Number of protein chains: 2
Amino acid sequence: MSMAETAEMEDGETLSLHQRILSDIREKILSGAWAPGHRIPFEHELTAEYRCSRMTVNKALSQLAKAGLIERRRRSGSFVRQPQSQAAVLELHDIRIEVEALGLPYRYERLERLKRRSGAEDRALLGLSAPGPVLWLESLHFAGERPFALEQRLINLSAVAEAAEEAFFEIAPGPWLIGRVPWSEAEHRIRAMAADDHVADALDIDPGAPCLVVERRTWSAEHPVTHVRFVYPAESHTLVARFTPSQG
Amino acid sequence: MSMAETAEMEDGETLSLHQRILSDIREKILSGAWAPGHRIPFEHELTAEYRCSRMTVNKALSQLAKAGLIERRRRSGSFVRQPQSQAAVLELHDIRIEVEALGLPYRYERLERLKRRSGAEDRALLGLSAPGPVLWLESLHFAGERPFALEQRLINLSAVAEAAEEAFFEIAPGPWLIGRVPWSEAEHRIRAMAADDHVADALDIDPGAPCLVVERRTWSAEHPVTHVRFVYPAESHTLVARFTPSQG
DNA sequence: ATGACGATTATGTATATACATATTGAAGCG
DNA sequence: CGCTTCAATATGTATATACATAATCGTCAT
């Protein structure tokens, strides 16, 4: 066996050995052949089975453990975990991309722009403790002729001073921030809401009509950067998330 | 330097060397010190900086690449990637746990149970091509006295035959399935909806009131298992998701 | 100029080895 | 019987080494 051997799959695809071990075991777990609690063969057994070194087996098992499919216990071995509480990876696209994926022309319109000192409400939204300068922006995203989403955004100018110079007529604040500020963490809240008069007016729907609200707070290295609320009319929008319980 | 040396952090926590390298680099990227496009030191340079072997550095860099923070190019080096499109890990808890976390007593009530041959609508929901036996269930989850969520579920009896024997009076179909069927994939749809008469009646809210709808389809090894729709009154429920762009 | 080609270089993946660490299980003892 | 101690064992992390592979760069001939 040569040093960096690769394996031929049935379909002709080439996988590295540790990826083959990984997907073999994953398949056994997901198919139910190895039920929760089942003890996976020891590293030295897999070493014999796959004719490879312990390091290679270890790499594969460590990855399965990190993905949460198995649990490893020293001296005892590795075990299939109980199915985890379900989690979904939710893609939150750029609205422009979303609209264009629908085959509709995208248009962005800035409604409001206000520089002010943060009040208690602003600080609560951003998660700030001390007052400071913030920028308030309200914009509309259109799909064709129809309003697609209303965006209400608060930017912490202490964290992103350059935003004070930008009018946001040409570029939406989302893409502008993405290109400028590396973000380290984000928190999302998703809920349903009845349109109030202001929202109904902006989105051209009836007051009281159901809307999907997605709020996102973003931090960059511990500093709050922005809080944004997207309000979508119920008909226009469904969030889709697909989840596979391990990431090969 | 001993073989399996570990490093003391300032706060006294012990990290393995490769984890220290990983978090060092991650911090540089997230803080913005290394902007997108910046070339990360070569493996042999990091080897010298951290006084360790190339394998250790390689492990850390590979992990950063898998997390999507950097891109690796043979012969050229490793580079900080543009900030990715945002994605969020959305936790979808068991409703019982959710209700109990609110400090309210949980109660479950089965409303309807119907065994039938799948019609076109059922097949569309489950993603089935051929007709077959399915089980239709409607249940209510209570938080204290108030209805918390309405559950409408379709189970593919070809995949889970035992479900036909279960009355689902004592146990909710969610927990029952989790303990029995290993699932390999799930797809979620989240949207806002106005309550129709049936939903309004079940949840004891006004017709037309906004609701949050979470639909989930689950597969086990390519076979559709179940489709479930949870309808939450808008006031009762917010989904929260927190996301950090790399998984140290 | 330009295109072919080989050397160089950085990463990708595997090996064998070494020692650390946590936990189990059995032996020994009061 | 219960407690301590100690050896055995499986995993955790690091080393040095080897060869493969892909991309780039310079050289040289056309």
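Predicted model, so just to flag it, every value in this text is computed and none were measured. Numbered from 1 within each chain, the chains take letters A, B, ... in sequence-line order.
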*Which of these nucleotides, dG12(D), dG12(C), dA16(C), is closest to any side-chain atom of E43(B)?*
dG12(C)
*Nearest listed nucleotide, side chain of T56(B), among dG12(C), dA14(D), dA14(C)*: dA14(D)
*Could you tell me whether R110(B) sits above the aromatic face of F168(B), with NZ or CZ closer than 6.0 angstrom to the six-membered ring centre and within 45 degrees of the axis?*
no
*How far apart are the C-alpha atoms of R180(A) and E165(A), what are their side-chain angles, what is the distance that settles it, and do they pass the salt bridge (charged side-chain N to carboxylate O under 4.0 Å, His left out) test?*
CA-CA 14 Å; R180(A) 232 154 287 245; E165(A) 315 304 324; over 6 Å; no
*Report yes if at least one side-chain N or O of H18(A) is closer than 4.0 Å to OP1 or OP2 of dT13(C); otherwise report no.*
no
*Rounded interatomic separation in angstrom, taking CD from Q19(A) and C1' from dG12(C)*: 11 Å
*Could you tell me the separation between the NE2 atom of H44(A) and the C1' atom of dT17(C), rounded to a whole number of Å?*
18 Å
*Among dA10(C), dT11(D), dT11(C), the one nearest R72(B) by side-chain distance*: dT11(C)
*For dT11(D), take OP1 and OP2 only and decide whether either is under 4.0 Å from a side-chain N or O of S62(A).*
no
_Taking the basic N atoms (NZ, or NE/NH1/NH2) and the acidic carboxylate oxygens, is any pair closer than 4.0 Å for E187(A) and R217(A)?_
yes
*Gap between atoms NZ and P, on K66(A) and dT13(D) respectively (whole Å)*: 11 Å
*Relative to F79(A), does R73(A) satisfy both conditions: NZ or CZ under 6.0 angstrom from the six-membered ring centre, and within 45 degrees of the ring's axis?*
yes
*Gap between atoms CZ and C1', on R51(B) and dT13(D) respectively (whole Å)*: 20 Å
*What nucleotide, of dT17(C), dT13(C), dA22(D), holds the atom closest to the side chain of M55(A)?*
dT17(C)
*Can you check the L61(A) CG to dG12(D) P distance for me, whole Å?*
8 Å
*Whole-Å distance between dT15(C) C1' and N58(B) CG?*
14 Å
*Quick one: does R73(A) reach the base of dT11(D) with a side-chain donor-acceptor pair under 3.5 Å?*
no
*Just how far, in rounded Å, is C1' of dT11(C) from CD1 of I70(B)?*
11 Å
*Between R54(A) and S76(B), which is nearer to the 5' end of DNA chain C once each is assigned its nearest nucleotide?*
S76(B)
*Decide yes or no on side-chain hydrogen bond (donor to acceptor under 3.5 Å, both in side chains) for E98(A) and H237(A), but give the supporting numbers first.*
CA-CA 10 Å; E98(A) 234 172 305; H237(A) 207 73; 3.0 Å; yes
*CD of E71(B) versus P of dA23(D): gap in Å, rounded?*
11 Å
*Counting only distance, no hydrogens or angles, is the base of dT24(C) paired donor-acceptor with the side chain of R75(A) under 3.5 Å?*
yes
*Please tell me which of the listed nucleotides, dG12(D), dA23(D), dA10(D), lies nearest to the side chain of R74(A)?*
dG12(D)
*What does S53(A) touch in the nucleic acid at a heavy-atom separation under 4.0 angstrom: a base, only the sugar-phosphate, or nothing?*
base
